[in-house]
Amino acid sequence: MERLEQLLNPPQLEAVKHTEGPLLILAGAGSGKTRVLTFRIAYLIREKNVAPFNILAITFTNKAAGEMRERVDRLLEGRGAGVWVSTFHSACVRILRRYIDLIGYDTNFTIYDADDQKTVMKQVIKKLELDPKAFREKMLIGAVSSAKNEMISAEDFRADAGGDYRLEKIADAYAEYERVLKHNNALDFDDLLLKTVELFRKCPEVLASYQERFRYILVDEYQDTNRVQFVFVNLLARKYRNLCVVGDDDQSIYKFRGADIRNILDFEKHFPDAKVIKLEQNYRSTGTILDAANSVIANNRDRKAKRLWTDKGRGAQVTWRIFDTAYEEAEYIAGDILKEIARGGSLNDFAVLYRTNAQSRLIEEKLIFAGVPYQIVGGVNFYSRKEIKDMLAYLKIIESGDDDLSVRRIINVPKRGIGDSTIAKVQGFADMTGGHFLSVLEDPAAVPGIERARKKLEGFRDMIRDLRKDRTETTGIADILDRVIEVTGYIEDLKMEETEEADGRIANIEELRSKAVSFDELYEMADSLGEEVEGTGDRLRDFLEEVALVSDLDDLREDNSRVVLMTIHSAKGLEFPHVYLAGMEDGIFPGYRAVAGTDPGEIEEERRLCYVGMTRAKNRLTMTAAKTRMQNGQMQFNPVSRFVYEVADGLMEGYLPRQRYGADDDYDGYDDYGRDRYSDGGFGSRGFSGGSYGGYASGGSYGGSRSAGSYGGSSSAQRKSARPKPAYDLDAMKGANLVSADDEGPGYAPGDRVVHKKFGEGTVKEIKEGARDFEVTVDFDSAGVRKMFAAFAKLEKI
DNA sequence: GCCGCCAGTATTTTT
DNA sequence: TACTGGCGGC
């Protein structure tokens, strides 16, 4: 493996080759950590003859896991198939599905998301008659979640309350919340980790088997691990101690979710024999961008000393612009992107990053106006949209009836005349008898006081019965979904609304259906190849599980030519040639909470976030701010972000108002320091002033992609339709050279004869370009007409 | 049981 | 601004 020397720099190589014992890799932004991790796995298998089966690689996101999987597969040409590359949560789910019965749960548990947690907590507040003002569900969920992250049980919590009324009430809520989850055979996200650790502790033989299996463990983004995750990893690694963690303390940005930066800072305390390797050469950004980011992060006190460097050259200065209003800021960004494209830039070179999702609106608006195709990542997760959750609730009920929450969710959706009071009575009866909501419906007459609704309840019960019966006749998720839509009249109902919002919902359901279709394809493919599908083997259950553990971020499409908009949090781990950091204002970034708060740690976390944002940029970084902006419906006057002032001299181009001094407690916009602190200094909003859109003259040549029709409706419709996927006129863009037209086809065209492993020979009828892949319609000689995705179907032209 | 109106509230969120 | 939750009228 001599070529390793050519492919890796010395510290990277050392990290790859140091396979035995604990290893901490401090990997600065853009220093090639994924490269190190994947090469390390390949090295273990190829050079050290470690069985793939004995390796566990853990990431935080499905996207990262997918990427690592792919790269490992490529490096090992398929020999790495046995490696577990997985997120913390999916690794835990896999373990729990096998063994959770040992700690008193059913192995077909359902997973509750944030929305479900909210529903449960609301119910808890009602039941315990807590004052909803003093005990907000958000706060309670947060308290329970932190407790779980710290592995504090409800009993411990109560014991620790020490007679404090408020804490005791929270303990009550925690206990009741747990009771409801248990009754519904459900686990929340935190439970997935917690119960796995509990399982390991209570069943040493189970732990031992996994310890034996996972002799080599790799953990990515270690700085973002919380207490339970730390314990989980440490339990697994305790026997062989071949634990390799990779992270960057400067990129720890999830403290608010329980991430404990000490896990990485104290790694050497936990493992005194740990080898520490620093990766400080950055392969991503220009020297200027790197220096700018370094000078900002240098203001944090609690961090490991390191200094990223690059040999990429200085590159362009960081651009800094300040505007009178947030409108003008957004206009500038849209206009600047147009200008760059006119100079030959491509759409996916650009990313607009911001602190809060709310900031995306304006930018989105201006991009639409400028005719710039964009994709918003994040915001409301696809799978948490009402209509999607409704559909999934039906599927869940068909799969198992234990989840009262799902039943209650859709028992009156679409409207069936079953109201809150009836639902409350049925649930009350279920609670009293210790049964489940759905089982009570077997004999609704037994529930006192619901005579009028009895017929309706029976109708619902029968409908579910029928759906379940249908399910036994088909294994296809898409088929089941079709039945649900048909029987419930869900889409019919939406159609009658005749609103754009309803149309958006219908489109979302259709998208869910296409996801189901591709899931079916995957299953059938594996089936026909005689391969095992990862999972329980029950297709519906696997589908629900996958859907429970994915986010929109996983859908970020690299193949598509669009400007991406997202929060800085979502951008972690990504890189773009040109990054815009918008809203660089104290009160926005750092957020008002951190500014107003007394905890300097909060500002430090924001600063790390700023560091993450800046280091996403490869060649160009633009930071912008607005003097005024609407925030929560009110006009706000925010000072320039302190982080902008922290950028070292000589790296940034653009007028920066003179540094302000000291605390600014009665800040009102201008008066303390006089207007000059905000003067434009001869650039900035001038070209885009007065709220006119004249600034887009330069974009005129792209008018072809600007027509309203190409966006499929108003911007509000687009938001409602909710997928972060604005429709745009691809052809018009190709005409305007905004998009390269060299997309590769699947290697066959309509009319061609093809062969499929399972269905035999057939004729291609249609090829549609889908979200990720080509959707091919084939008329098979024996199996009839089938739609499938090219990547899965692996059709061969004959 | 349903619908519409008013008041209160407002980060980030890989899973 | 924009969403949610609670409450009162039909």
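Being a predicted model, the structure only gives us computed values, none of them experimental. Naming: A, B, ... by sequence-line order, numbering from 1 per chain.
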Give a yes/no on whether any side-chain N or O of [X] is located under 4.0 angstrom from OP1 or OP2 of [N].
| X | N | result |
| --- | --- | --- |
| A/N632 | B/dT11 | no |
| A/K122 | C/dG5 | yes |
| A/R361 | C/dA2 | yes |
| A/T87 | B/dT14 | no |

More 5' along DNA chain B: A/K138 or A/F189, using each one's nearest nucleotide? A/K138
Nearest whole Å is fine: how far is [N] [atom2] from [X] [atom1]?
| X | N | atom1 | atom2 | result |
| --- | --- | --- | --- | --- |
| A/N149 | B/dT14 | CG | C1' | 13 Å |
| A/F60 | B/dT15 | CZ | C1' | 9 Å |
| A/K255 | B/dT14 | NZ | C1' | 19 Å |
| A/D224 | B/dT15 | CG | C1' | 12 Å |

Could you tell me whether [X] contacts a base, only the sugar-phosphate backbone, or nothing, with contacts defined as non-hydrogen atoms closer than 4.0 Å?
| X | result |
| --- | --- |
| A/D420 | sugar-phosphate |
| A/R629 | nothing |
| A/Y254 | base |
| A/S421 | sugar-phosphate |
| A/Q634 | nothing |
| A/T59 | nothing |

Determine, using ring centers only, whether A/Y354 and A/H569 are less than 6.0 Å apart. no
Please list, one pair per line, the donor and acceptor atoms closer than 3.5 Å that link side chains of residues 408-416 of chain A to other protein atoms, with sequence neighbours excluded.
residue	atom	partner	partner atom	Å
A/R408	NH1	A/Q427	OE1	2.5
A/R408	NH2	A/Q123	OE1	2.7
A/R409	NE	A/D390	OD1	2.8
A/R409	NH2	A/K386	O	3.4
A/R409	NH2	A/D390	OD1	3.3
A/N412	OD1	A/R416	N	2.6
A/N412	OD1	A/G417	N	3.1
A/N412	OD1	A/I418	N	3.1
A/N412	ND2	A/I418	O	3.0
A/R416	NH1	A/Y394	OH	3.4
A/R416	NH1	A/I410	O	2.8
A/R416	NH1	A/I411	O	2.9
A/R416	NH2	A/Y394	OH	2.5

What's the closest nucleotide to the A/N62 side chain, out of B/dA10, B/dT15, B/dT12? B/dT15
Between A/N108 and A/N185, is there a side-chain donor-acceptor contact under 3.5 Å, judged purely by atom types and distance? yes
